[in-house]
Amino acid sequence: MNRLFSHFEEGFLNLLITSMTLLVFIEVIARFFFNTGFLWIQELTLTICAWFVLFGMSYGVKVGAHIGVDAFVTKLPKGGRKIAGLIATTICLIYCVMFLKGSWDYLLKMYEVGIPMEDLDLPNLLIKNLDPDFAWDTLRIDVEEPAVPLWLSQSILILGFGLLFLRFFELFIAIVKNKTEGFTLADEAEDSMHLVDTVKEALGLDEDNKAEADKRQNVIQSPNDKDEK
């Protein structure tokens, strides 16, 4: 089940970032080459970006992609690192609860008022099959002006922070059971050096550098050989 959900997370995030990239590409081409644009693309891109960030932050905790400062924690003994990890995860859990409460109140108000998005409408094929009373009373969709309701597009606030809470809770339990000492953080320096090595290998620069080093070594050795003679 966990593996299936992991595949879903990765696939959904890939879908979001790909869609956002294509939409921005289309908007740029339309503006610079055809002197036109689409208002709905801008709003949809911002919405997808928000979904990508808020959905991806829990995935970042899972795979250790977040950046943190652990210079102090790494110098602590094992017991100290465990206590620091428990304190940090507890603070993160409280943070998630606060945002969940605020997001729920905000989305509930948006739902009660029925505020729609400005430029993003629902497809006519979907609207014509909806009962007008059901559409408004349940979904807060006006069939005469079928804009996407704001509560629906921003529901990722609840979903994102809910998933983030679960990730931090899983991490808290793992620290209690001594399965880990704390957060797994990304190492930008190590990742950058790995990327540099990968690029060099792809471009064949490592072989060139090695050949240049061998050449320099031979030049250095030649005078020494003459001196020995």
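The figures that follow rest on heavy atoms only: side chains count, while hydrogens, waters and symmetry mates do not.
- Contact of the Phe8 side chain with the Leu4 side chain is not registered, since no non-hydrogen atoms from C-beta on lie closer than 4.5 Å.
- Look at Asp105 and Lys101 and you find a salt bridge, because one of the NZ, NE, NH1 or NH2 atoms lies within 4.0 Å of a carboxylate O, short of that distance.
- Annotation: Glu144, atom CD; neighbour count of heavy atoms from other residues, nucleotides and ligands within 6.0 Å does not exceed 12.
- Across Arg81 and Thr74, no two heavy atoms sit closer than the pair NH1-O, 4.0 Å.
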For residues 41-55, run the donor-acceptor check on the side chains, cut-off 3.5 Å, and write out each pair with its distance to 0.1 Å, sequence neighbours left out.
from, atom 1, to, atom 2, distance (Å)
Glu43, OE1, Asp119, N, 2.6
Glu43, OE1, Leu120, N, 3.1
Glu43, OE2, Glu118, N, 3.1
Thr45, OG1, Ile41, O, 2.7
Thr47, OG1, Glu43, O, 2.9
Trp51, NE1, Ser153, O, 2.7

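- Follow the hydrophobic side-chain contacts under 4.5 Å out from Ile158 and you reach Val113 in the same cluster.
- Minimum heavy-atom separation, Leu150 to Met117: CD1-CG, 4.0 Å.
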Can you give me every donor-acceptor pair (side chain of residues 84-99, partner residue at least two apart or in another chain, under 3.5 Å) with its distance?
from, atom 1, to, atom 2, distance (Å)
Thr89, OG1, Gly85, O, 2.9
Thr89, OG1, Leu86, O, 3.0
Thr90, OG1, Leu86, O, 2.7

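- When atom types are taken as modelled, the side chain of Ser155 and the backbone of Leu152 share a donor-acceptor pair closer than 3.5 angstrom.
- Residue Leu159 is grouped with residue Leu108 when hydrophobic side chains (ILVMFWY) are merged at heavy-atom distances under 4.5 angstrom, including chains of intermediate members.
- Listed by first and then second residue, the ring-ring contact (aromatic ring centres under 6.0 Å, His included) pairs that reach into residues 133-158 are Tyr111-Trp151, sequence neighbours excluded.
- Atom CG of Leu163 and atom NZ of Lys62 lie 10.5 Å apart (nearest 0.5 Å).
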Extract all donor-acceptor atom pairs below 3.5 Å that involve side chains of residues 11-19 and protein atoms in other chains or at least two apart in sequence.
from, atom 1, to, atom 2, distance (Å)
Asn14, ND2, Glu10, O, 3.0
Thr18, OG1, Asn14, O, 2.7
Ser19, OG, Leu15, O, 2.7

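- Remark: Arg167 pairs with Glu9 by the side chain to side chain donor-acceptor pair (under 3.5 Å) rule, at least two apart or across chains.
- Within the 4.5 Å cutoff, the side chain of Val148 has no heavy atoms near those of the Asp121 side chain.
- With values rounded to the nearest 0.5 angstrom, His66 atom NE2 is found 11.5 Å from Tyr59 atom OH.
- To the nearest 0.5 angstrom, Asp142 atom CG is 9.0 Å from Ile127 atom CD1.
- The shortest non-hydrogen separation linking Ala147 to Leu122 is O-CD1, 4.4 Å.
- Side-chain heavy atoms closer than 4.5 Å link hydrophobic residues (I, L, V, M, F, W, Y) into clusters, and following such links, even through other members, never connects Val73 to Val61.
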Name every donor-acceptor pair, under 3.5 Å, that has one atom in a side chain of residues 24-36 and the other anywhere in the protein, sequence neighbours excluded.
from, atom 1, to, atom 2, distance (Å)
Glu27, OE1, Phe38, N, 3.3
Glu27, OE2, Arg31, NE, 2.6
Glu27, OE2, Arg31, NH2, 2.9

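- When all heavy atoms are compared, the tightest approach of Leu100 to Gly162 is CD2-N, 3.6 Å.
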